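Just so it is clear, the model here is predicted, and its values are computed rather than measured. When a ligand or atom number is given, it counts from 1 through the structure's own listing order.
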Amino acid sequence: MASAYDVVVLGGGPAGLATALSLRSLSDCSILVADAGEQKRERAGESAPPDLLAPLRRLQLEANFLAAGHMHSPGSAVRWGREQVGYNDHLLNPMGPSWRLNRPVFDAMLVEAALKQGISVQWNTRYLRAKANEAGFSLTLAERAGLEREVQARWVVDATGPLARFANDLGIKKRTDDQLFGLAGFSTVQSGNMKKQVLVESTPEGWWYAAYLPDHRIIHMFVTDAPQLRQLKSAGIEGWAALLSRTQLLGQALEGVQLTPPEFHTFPIYSSLLEQTFGEHWLAVGDAAATYDPIASQGLYKAVSDGVMAGRVLAQGHEQELEQYDAGVKERYARYFEQRCGLYGQERRWVEADFWRNRQVVGLL
Ligand SMILES: Cc1cc2nc3c(=O)[nH]c(=O)nc-3n(C[C@H](O)[C@H](O)[C@H](O)COP(=O)(O)OP(=O)(O)OC[C@H]3O[C@@H](n4cnc5c(N)ncnc54)[C@H](O)[C@@H]3O)c2cc1C
């Protein structure tokens, strides 16, 4: 690893890699992407709107994406706010069908493109702290063995996800409008047929999401508040199975499907916005700048499209473009949050249950 770069991107998720690729397409500057985790891991998110193709085209990755075997999503079946199931047929969308991504393949595509473009990508490399200086920032990064090293960056991109580690260290506040948790179980389908639609179902304690994944696995995730999550975790797999058995849409869809025992992951789910998405020699992108509830299915599209914009802004480096970028992130977040409040507000069947009562209050803020 060199010790000085024009741009250091902290975080190698879709937003960080899209920013690096977009910048590289416009500039020869030296770029390091440093990520705290392993390259291969279970990442959250696989449903994406058809619009995802547009920013991928800007990164010249449309053909790679289309050849990669991602699935078209045949829409969703939703039981929310009423007993009847509603169907949303994405095949009728003029932009084309939605996507069900094979996440490991999607992530690998971005990494390979970055490496091909001469961008350095370092895994197991955690950003620890930063010190501003005349030339930008001196960053302390820790490698797997705990070895610390200093790297000089003219510009820093905070793409560290919802906690915006770098911006937080600079004292920039992230306003959290709501926080939930998703307990996701990943299982392999051993026999039987699972519906290919995305399934969403609200229950008094929260809501469920299930989707068939392109590699014969399924994700089923329960989204709830912290106290309910604690209870569920202490009840173990039996508690999970009991809650799942009380669903109707998911319960029916999973009938007759033989699954391996789920591998569980817990994900915090925020609706949150960074008060300022840029400053002297730094910029935040993706979930670091604005985090959306996955009910919106917008996070991946936002990560890649904001990354494309952030790369362009960095290549130009003008104050005016930075301000426009900041205004755009905030405007889109405001639109998202209003729609999200409207959606949670549609569920009136259990307004006395803690989960929904909390969301109705949030919706009125
Ligand atoms: C449970 C769940 C389900 C979701 N489902 C969907 C979906 O179906 N469709 C959709 O569009 N969106 C979905 N989302 C949202 C989507 O996953 C995110 O919006 C998207 O991943 C944001 O990308 P990102 O690159 O900004 O952040 P991330 O993907 O979170 O990447 C951030 C990266 O920063 C790294 N990092 C963190 N701290 C440090 C540090 N100190 N130093 C260096 N690196 C660091 C992390 O290792 C990580 O790789 C879901 C989110 C959750 C939580």
Side-chain angles (χ1 to χ4, degrees), residues 8-20 32-52 55 73 76 98-101 103 106-107 110-111 121-130 139-144 151 156-169 179-186 198 200 206-211 213 219-224 229 264-272 274 277 284-307 310 329 333 336:
V8 174
V9 179
L10 301 171
L17 289 165
T19 306
L32 167 68
V33 177
D35 192 288
E38 300 279 343
Q39 179 180 354
K40 293 198 172 124
R41 72 186 110 146
E42 204 71 76
R43 283 184 181 270
E46 62 289 318
S47 294
D51 322 42
L52 180 65
S73 172
S76 51
S98 295
W99 294 100
R100 186 83 46 80
L101 304 183
R103 265 314 284 276
F106 181 74
D107 296 331
L110 295 175
V111 176
V121 184
Q122 299 282 333
W123 302 101
N124 300 301
T125 304
R126 180 178 295 279
Y127 154 76
L128 291 183
R129 54 191 170 270
L139 302 172
T140 308
L141 305 179
E143 290 167 2
R144 196 200 307 253
V151 171
V156 176
V157 175
D158 186 345
T160 57
L163 297 182
R165 303 276 181 188
F166 175 83
N168 182 55
D169 284 355
Q179 183 181 5
L180 299 170
F181 291 89
L183 182 61
F186 292 87
V198 166
V200 177
W207 55 271
W208 285 87
Y209 164 92
L213 303 176
I219 171 176
H220 37 338
M221 178 170 75
F222 183 57
V223 175
T224 192
L229 177 80
F264 287 108
H265 293 265
T266 305
F267 298 98
I269 289 176
Y270 299 91
S271 289
S272 60
L274 206 57
T277 63
V285 71
D287 275 14
T291 315
Y292 295 5
D293 186 322
I295 195 78
S297 255
Q298 286 289 320
L300 291 169
Y301 166 73
K302 167 172 68 67
V304 180
S305 58
D306 282 4
V329 169
Y333 178 84
Y336 143 76

Of the protein's non-hydrogen atoms, which lies at the shortest distance from [atom], and what is that distance?
atom                    : value
atom 47 (O) of ligand 1 : D35 OD1, 2.8 Å
atom 1 (C) of ligand 1  : M221 SD, 3.4 Å
atom 43 (C) of ligand 1 : A36 N, 3.3 Å
atom 42 (N) of ligand 1 : Y127 N, 2.9 Å
atom 26 (O) of ligand 1 : D287 N, 2.8 Å
atom 10 (C) of ligand 1 : S47 O, 3.4 Å
atom 37 (C) of ligand 1 : T160 O, 3.3 Å
atom 5 (N) of ligand 1  : G45 CA, 3.2 Å

Using distance alone, determine whether [X] and ligand 1 share an N or O pair under 3.5 Å.
X    : result
G299 : yes
L10  : no
L300 : yes

Using a 4.0 Å cut-off to any heavy atom of [X], which atoms of ligand 1 qualify?
X    : answer
E46  : 7 (C), 8 (O)
S297 : 11 (O)
G11  : 33 (C), 34 (O), 35 (C), 44 (N)
R126 : 41 (N), 42 (N)
G286 : 26 (O)
R43  : 29 (O), 31 (O), 48 (C), 49 (O)
F267 : 1 (C), 53 (C)
G161 : 27 (O), 30 (O), 32 (C)

Could you tell me whether ligand 1 has any atom less than 4.0 Å away from a heavy atom of [X]?
X    : answer
T125 : yes
P268 : yes
A34  : yes
G13  : yes

Residue-level breakdown please: for [X] versus ligand 1, do any non-hydrogen atoms fall below 4.0 Å on the side chain, on the backbone, on both, or on neither?
X    : value
A184 : neither
Q298 : backbone
R41  : side chain
T291 : neither
A159 : backbone

Is any side-chain heavy atom of [Y] closer than 4.5 Å to one of [X]?
X    : Y    : answer
L141 : L32  : yes
L52  : V304 : yes
L180 : T224 : no
S47  : Q298 : no
V200 : S76  : no
E38  : N124 : yes

Taking atom 17 (O) of ligand 1 as the point of reference, which of P14, A44, A288 owns the nearest heavy atom?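 Looking at heavy atoms only, A44 sits closest to atom 17 (O) of ligand 1.
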Only one of T19, D306, L110 passes side-chain contact (heavy atoms from CB on, under 4.5 Å) with P14; say which it is.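 Between P14 and the candidates, side-chain contact (heavy atoms from CB on, under 4.5 Å) is satisfied uniquely by L110.
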Closest heavy-atom contact between L274 and A288?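 For L274 and A288, the tightest heavy-atom pair comes out as CD2-O, 3.7 Å.
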Are F166 and V8 close enough, and set up right, to give a side chain to side chain contact (heavy atoms under 4.5 Å, CB included), and what steps lead you there? CA-CA 12 Å; F166 175 83; V8 174; over 6 Å; no
Can you say whether the rings of F222 and W208 are parallel (under 30°), tilted (30 to 60°) or perpendicular (over 60°)?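 Taking W208 first and then F222, their aromatic rings sit tilted (interplane angle of 30° to 60°).
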Can you measure from CG (L163) to OH (Y270) and round to the nearest 0.5 angstrom?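 With rounding to 0.5 Å, CG (L163) is 4.5 Å from OH (Y270).
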Gap separating the CD1 atom of I269 from the CE atom of M221, nearest 0.5 angstrom: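 Here the interatomic distance stands at 4.5 Å.
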Check each of R41, R126, R144 against D35 using the salt bridge (charged side-chain N to carboxylate O under 4.0 Å, His left out) test, and report the only one that passes.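 Answer after filtering R41, R126, R144: R41.
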Proximity of F181 and F267 rings by center, below 6.0 Å: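 Centroid separation for F181 and F267: 6.0 Å or greater.
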For the rings on H220 and Y209, is their centre-to-centre separation under 6.0 Å?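 No; Y209 has its ring centre 6.0 Å or more from that of H220.
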Determine the sole option in Y336, Y292, Y333 for which the side chain to side chain donor-acceptor pair (under 3.5 Å) test with S271 is passed.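 When Y336, Y292, Y333 are each tested with S271, the side chain to side chain donor-acceptor pair (under 3.5 Å) holds only for Y336.
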Less than 4.0 Å between a side-chain N and a carboxylate O, is that true for K302 and D51?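 Answer for the salt bridge query: no.
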